[in-house]
Undergrad: 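The structure that follows is given in the form of structure tokens.
Residue numbers count from 1 along this sequence.
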Amino acid sequence: MDGNAGMRFIKFNGNAKLQGVNPAFLKLFLGAVQEYGEKTGKSVQVNDGYRSYAEQVAMKKKYGARAATPGKSLHGFGLAIDINSADAN
């Protein structure tokens with residue numbers, strides 16, 4: 001799957017965004033979502049994608065030890081996307 005049709009199988013939760021995600025990682029993610037969507041007819045909910053440093057500071061403040069230290073989060077490097085795992089079952 002090339003991922004070109006992947007966006008049609010994505011739904012966004014709240015302020016989740018994919019802008020800023022590493023392009024090569026995003027292409028792989030969209031390919032997986034496209035394949036999943038075409039085989040199951042289901043969408044994948046994106047809960048979080050790229051986070052700026054300031055957004056990660058807020059996450060750390062809100063979630064404490066459950067959140068990565070700002071500057072060390074894979075979200076901040078554009079290499080993480082959180083999905084609703086129930087959608088992927």
Undergrad: Nearest 0.5 Å please: distance from the CZ atom of Phe25 over to the CG atom of Leu18.
TA: 9.5 Å

Undergrad: How long is the span from the NE2 atom in His75 to the CD1 atom in Ile81, to the nearest 0.5 Å?
TA: 9.0 Å

Undergrad: Rounded to the nearest 0.5 Å, how far does CD of Glu55 lie from CG of Asp48?
TA: 7.5 Å

Undergrad: Locate the shortest heavy-atom distance separating Asn4 from Gln34; write the atom from each residue and the value.
TA: N-OE1, 3.4 Å

Undergrad: Flag yes if Met59 and Val57 sit in one hydrophobic cluster, no otherwise; membership is Ile, Leu, Val, Met, Phe, Trp, Tyr, and two members link when side-chain heavy atoms are under 4.5 Å apart.
TA: no

Undergrad: Can you tell me how far apart CG (Asn22) and NZ (Lys27) are? Round to the nearest 0.5 Å.
TA: 12.5 Å

Undergrad: Going by distance alone, is a donor N or O of one side chain under 3.5 Å from an acceptor N or O of the other, for Asn47 and Asn84?
TA: no

Undergrad: With heavy-atom distances below 4.5 Å as the criterion, would you say the side chains of Phe12 and Lys17 are in contact?
TA: no

Undergrad: Less than 4.5 Å apart, side chain to side chain, heavy atoms only: is that true for Phe29 and Val21?
TA: no

Undergrad: Test Phe9 against every option in Leu30, Val44, Thr40, Val33 by the side-chain contact (heavy atoms from CB on, under 4.5 Å) rule and name the one that passes.
TA: Val33

Undergrad: Hey, what do you get for NZ (Lys72) to NZ (Lys60), rounding to the nearest 0.5 Å?
TA: 10.0 Å

Undergrad: Kindly compute the distance separating OG (Ser73) from CD (Gln56), expressed to the nearest 0.5 Å.
TA: 4.0 Å

Undergrad: Side-chain heavy atoms under 4.5 angstrom apart, residues restricted to Ile, Leu, Val, Met, Phe, Trp, Tyr: same cluster for Phe77 and Leu28?
TA: no

Undergrad: Gln19 vs Tyr50, test: side-chain contact (heavy atoms from CB on, under 4.5 Å). Steps then yes/no.
TA: CA-CA 7 Å; Gln19 294 84 357; Tyr50 172 77; over 6 Å; no

